[in-house]
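Labels below follow one simple rule: chain letters A, B, ... track the order of the sequence lines, proteins then strands, and each chain is numbered from 1. Predicted model only: the values in this text are computed from it and were never measured.
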Number of protein chains: 2
Amino acid sequence: MIIILAMLKLTSHRETILKFINASNAHWDAEELARALSDSGKTIGIATVYRGLAALDEAGLIASVQLGDRKRYECADKKHHDHLVCTECGAIEEFVQAKIEQLQEQVAKENGFEITGHQLLIFGLCRGCRNA
Amino acid sequence: MIIILAMLKLTSHRETILKFINASNAHWDAEELARALSDSGKTIGIATVYRGLAALDEAGLIASVQLGDRKRYECADKKHHDHLVCTECGAIEEFVQAKIEQLQEQVAKENGFEITGHQLLIFGLCRGCRNA
DNA sequence: ATGATAATGATAATGATTATCATTCTTGCC
DNA sequence: GGCAAGAATGATAATCATTATCATTATCAT
Ligand SMILES: [Mn+2]
Ligand SMILES: [Mn+2]
Ligand SMILES: [Zn+2]
Ligand SMILES: [Zn+2]
């Protein structure tokens, strides 16, 4: 059904998790996802959800963002982007700013750093919450 | 001795914590700081260290960065900056990139967001770890 | 100095995530 | 198809950072 990388064993549970994430556009944390799966009749043990998410993330089949104290996952089939996080309602919006990405490389070079990843979180009030 | 904002009550413990942070150039988490204080003969209960750091941070007398799962604190008397984090040795370097800051404002505007804060973490290998 | 109020510290509680371990799948192979 | 080896699962205990409790103590305005 899906070509899974060699490092990952295909299991129905992982497939369920992967499909669920790919089918949505949200940023899920483990508990939320477990609840959603349960609500849709596909209950999976919470420990397995945690492990499945970590495995899929490591295999590059889904992406993750560390938001404050919890890790959230989203589908990986979109290009790299960063996030705007509303501190009022929790909404998460995405953006891409090529120039910022490029300037990060420059900063790294100036500091003798070899970049392996980055995370830019912009906190604030979303349009809705500003007007509320 | 120090002009403390009205919102914060001066206590010897908070003063100790503040001085310690200001005297160093590092990014401390609560446990590390408690241990360091203890080692220097000024033991402060761990709960008080947590509360003291949070209070000083809220008052703007020190600054904080959420690094992965733990919160780290540093002295606030430097201008805003972001961080380069070595995933190998844990070293944290600082940088300022005005253009990136400005582009963030632009991104926010484009999305109807009102920025209240941001955090840019660049992960990778520091010069030392690259050559090791 | 005195009292109102906030801070402290020992410790319990929380919340997210990981570790255990017995049981159940997957997959390669006959 | 049937089987064994090894990985995955799930219930639950364990961690780890941080916060909450609550009795005691310190601070600050009067
Ligand atoms: Mn996203
Ligand atoms: Mn810093
Ligand atoms: Zn909002
Ligand atoms: Zn390093």
Legend entry - Distance in angstrom units between Leu18(B) CG and dA7(C) P, rounded: 15 Å
Legend entry - Under-4.0 Å salt bridge between Lys19(A) and Glu15(A): yes
Legend entry - Set of residues satisfying side-chain contact (heavy atoms from CB on, under 4.5 Å) with respect to Glu88(B), sequence neighbours excluded: Cys86(B), Leu125(B), Cys129(B)
Inset, instruction - Grab the CG-P distance between Leu67(A) and dA16(C) for me, whole Å please. - result: 14 Å
Legend entry - Which nucleotides of DNA chain D pair, in dot-bracket form (Watson-Crick or G-U under 3.5 Å, | meaning another strand): ||||||||||||||||||||||||||||||
Inset, instruction - Please report the shortest heavy-atom distance between Ala34(A) and Ile46(A), naming the atom on each side. - result: CB-CD1, 3.8 Å
Inset, instruction - Please state how far atom NZ in Lys42(B) lies from atom P in dT8(C), giving the value in whole angstrom units. - result: 15 Å
Legend entry - For atom CG of Leu53(B) and atom C1' of dT8(C), their distance in whole Å: 15 Å
Legend entry - Closest non-hydrogen atom pair between Asp29(B) and Arg70(B), with its separation: OD2-NH1, 2.7 Å
Legend entry - Side chain to side chain, Val65(A) and Ile92(A), heavy atoms closer than 4.5 Å: no
Inset, instruction - Determine, for nucleotides 9-19 of chain D in 5'-to-3' order, which nucleotides have protein heavy atoms under 4.0 Å from the base (write B), from only the sugar-phosphate (write S), or from neither (write -). - result: BBBB----SBB
Inset, instruction - Grab the CG-P distance between Asp57(A) and dT17(C) for me, whole Å please. - result: 12 Å
Legend entry - Note: Lys78(B)-Glu94(B) ion pair, threshold 4.0 Å (strictly below): yes
Inset, instruction - Might you confirm whether atom CG of Asn25(A) has over 12 heavy atoms from other residues, nucleotides or ligands at distances under 6.0 Å? - result: no
Legend entry - Trace of the side chain to side chain donor-acceptor pair (under 3.5 Å) decision for Gln106(A) with Gln102(A): CA-CA 7 Å; Gln106(A) 184 185 306; Gln102(A) 180 201 313; 5.1 Å; no
